[in-house]
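Please read the structure below before turning to the comments.
Throughout, a chain's letter reflects where its sequence line sits, starting with A, and its residues are numbered from 1.
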Amino acid sequence: MKHLNRSIQLQVPRDFDFWSTVWSSGWCGLAPFSFDEERRTLSRVHGLTSGKTVEMTMMARRGRVLALEVESREELGKADVEEIEGVVRTCLRLDEDLSSFFEFLEGYPDFAWVREMGAGRSIRSPTVFEDVVKTICSTNCSWALTKAVSGRLCRILGEPYSEDLCTFPTPHRMASTTEEFMRKEVKAGYRSPYIIEFARKLAAGGLDVEAWRTSSLDSASLKREIMRVRGVGDYAADHILKLLGRYDFLALDSWLRRRFSQIHGNGETTSDREIEEYYAPFGRWKGLVLWLDMVKERLINL
DNA sequence: GCGTCCAGGTCTACC
DNA sequence: GGTAGACCTGGACGC
């Protein structure tokens, strides 16, 4: 089938670095995202509201420019292009103002590298729905399993674009499946009823999770609301808050605990209280500072 | 090949 | 409010 290509260029903030944004978390490896480490590109297969499916590939260009190559089987209209640009802006957090964070870090020379690199952002999904489902799928399992379940969700319930590329399923599509199917085919295990219940609430219009992005609630109150989703506990709620751009909580998981003990505890086990105390001086930015501290080695070796 | 452990936790029952 | 035990999957590991 014939594929149509379109090139788009986006202006990015002065303090933004594309590859450190992509590379700072494992989210870039969860379908329908994929990356090419050698070419330093991030791709995503995405279903537009017009019903068209596109594959978008992002890469950095000189200056404050992000290049976007979009492939589609159908001609794209102005509204399609605007939607694609919006998806990219959301995924890369181009509209997240981190200037006050960088000003705050000026008091911490150990973190000067963050501003120098343009680090601080990490990718997320274009919808809160997708981020919540993926977060639930990341709990109490290996990262390999999280990737496998995300892949199966797309492959089995998403819209196919090519032989091996599919979109992330919509809430309606996920809501229409059964717990048994989710267990047997997607192999999401005991998380299956949680995911389906969440999708059904959204599909029925009983829950507007996109509103969380602009919620006027303080983070503690918003966290309580997020935790009303079954399958989302303390860690997952903290992680979702980070994806929403709120960093007042640490989102401690077993990987972070192990990493902290390697970096700051000489390999000795450290308690959550000790980790909390270590990052307490960073106030509302502590969750972001913790994350950057843990992935520093990965980023400065880029 | 087989059994066990555990990983980027959460829920429920019980005290 | 704190804690124990159950819960899916799948890779790593020891035997």
Practice item. Determine the Euclidean distance between corresponding P atoms of C:dC13 and B:dG8; express it in Å to zero decimal places. Key: 13 Å

Practice item. With DNA chain C as reference, determine whether A:N140 or A:A144 sits nearer its 5' end, using the nearest nucleotide of each. Key: A:N140

Point to revise | Note: A:K52-A:E75 ion pair, threshold 4.0 Å (strictly below) | key: no

Practice item. Provide the distance between the two C1' atoms, one in C:dC8 and one in B:dA7, to the nearest whole Å. Key: 12 Å

**Study point:** A:W27 six-ring face occupied by A:R124 cation (under 6.0 Å, within 45°)
**Key:** no

Exercise for review: Please work out if A:V149 contacts a base, only the sugar-phosphate, or nothing of the nucleic acid, heavy-atom cut-off 4.0 Å.
Suggested key: nothing

Revision key, fill the gap. The answer to which of A:W291 and A:V232 contacts DNA chain B further toward the 5' end, by nearest nucleotide, is A:W291

Check your understanding: Applying a 3.5 Å limit to both distances, which nucleotide forms a Watson-Crick or G-U wobble pair with C:dC8?
Key -> none

Practice item. Identify whether the distance between the nearest side-chain nitrogen and carboxylate oxygen of A:R257 and A:D272 falls below 4.0 Å. Key: yes

Exercise for review: To the nearest Å, give me how far apart CZ (A:R228) and P (B:dC11) are.
Suggested key: 14 Å

Check your understanding: Of the nucleotides B:dG8, C:dT9, C:dC8, which has the atom closest to the A:R152 side chain?
Key -> C:dT9

**Study point:** Face-to-face stacking of A:Y235 with B:dG8, centres under 5.5 angstrom, angle under 30°
**Key:** no

**Study point:** Closest-nucleotide 5' rank along DNA chain B - winner of A:D253 and A:V229
**Key:** A:D253

Point to revise | d(CD1, A:I240; C1', B:dG8) in whole Å | key: 14 Å

Check your understanding: In residues 254-277 of chain A, which ones come under 4.0 Å of DNA chain B, going by heavy atoms?
Key -> A:S254, A:W255, A:R258

Exercise for review: Starting from the C-alpha separation in whole Å, work towards a yes-or-no answer on side chain to side chain contact (heavy atoms under 4.5 Å, CB included) for A:L42 and A:T57.
Suggested key: CA-CA 6 Å; A:L42 175 72; A:T57 300; over 6 Å; no

**Study point:** Side chain A:R191 and base C:dC8 donor-acceptor under 3.5 Å
**Key:** yes

Review point. Is any NZ, NE, NH1 or NH2 atom of the basic residue among A:E83 and A:R89 found under 4.0 Å from an Asp or Glu carboxylate oxygen of the other?
Key: no

Practice item. Report the distance from atom NZ of A:K147 to atom P of B:dA7, rounded to the nearest whole Å. Key: 18 Å

Check your understanding: So what does A:A236 hit on the nucleic acid, given a heavy-atom distance under 4.0 Å: a base, only sugar-phosphate, or nothing?
Key -> sugar-phosphate

Check your understanding: If only side-chain N and O atoms of A:R230 are considered, is one of them under 4.0 Å from the OP1 or OP2 phosphate oxygen of B:dT12?
Key -> yes

Check your understanding: Reckon A:S142 touches a base, only the sugar-phosphate, or nothing at all at heavy-atom distances under 4.0 Å?
Key -> base

Review point. On the ring face of A:Y194, is A:R230 found with NZ or CZ under 6.0 Å from the centre and within 45° of the axis?
Key: no

Point to revise | Watson-Crick/G-U partner (both atom distances under 3.5 Å) of C:dG14 | key: B:dC2

Check your understanding: Between atom CH2 in A:W143 and atom P in C:dG10, what is the gap in whole Å?
Key -> 16 Å

Practice item. For residues A:R121 and A:S24, report the shortest heavy-atom separation together with the two atoms involved. Key: O-OG, 3.3 Å

Review point. In whole angstroms, how far is the C1' atom of C:dG11 from the NZ atom of A:K187?
Key: 14 Å

Review point. To the nearest 0.5 Å, what is the distance between NE2 (A:H46) and CE (A:M56)?
Key: 5.5 Å

**Study point:** Value in whole Å for how far the P atom of B:dT12 lies from OH of A:Y190
**Key:** 13 Å

Point to revise | C:dA6 to B:dT4 separation - P atoms, rounded to the nearest Å | key: 15 Å

Check your understanding: Less than 3.5 Å between a donor and an acceptor, one on the side chain of A:Y194 and one on the base of B:dG9, is that the case here?
Key -> no

Review point. To the nearest Å, how far apart are A:L30 CG and B:dG8 C1'?
Key: 11 Å

Exercise for review: Starting at atom CD1 of A:I195, determine the distance to atom C1' of C:dC7, rounded to an integer number of angstrom.
Suggested key: 14 Å

Practice item. Using the six-membered ring of A:F249, assess whether NZ or CZ of A:K242 lies under 6.0 Å from its centre and within 45 degrees of the ring axis. Key: no

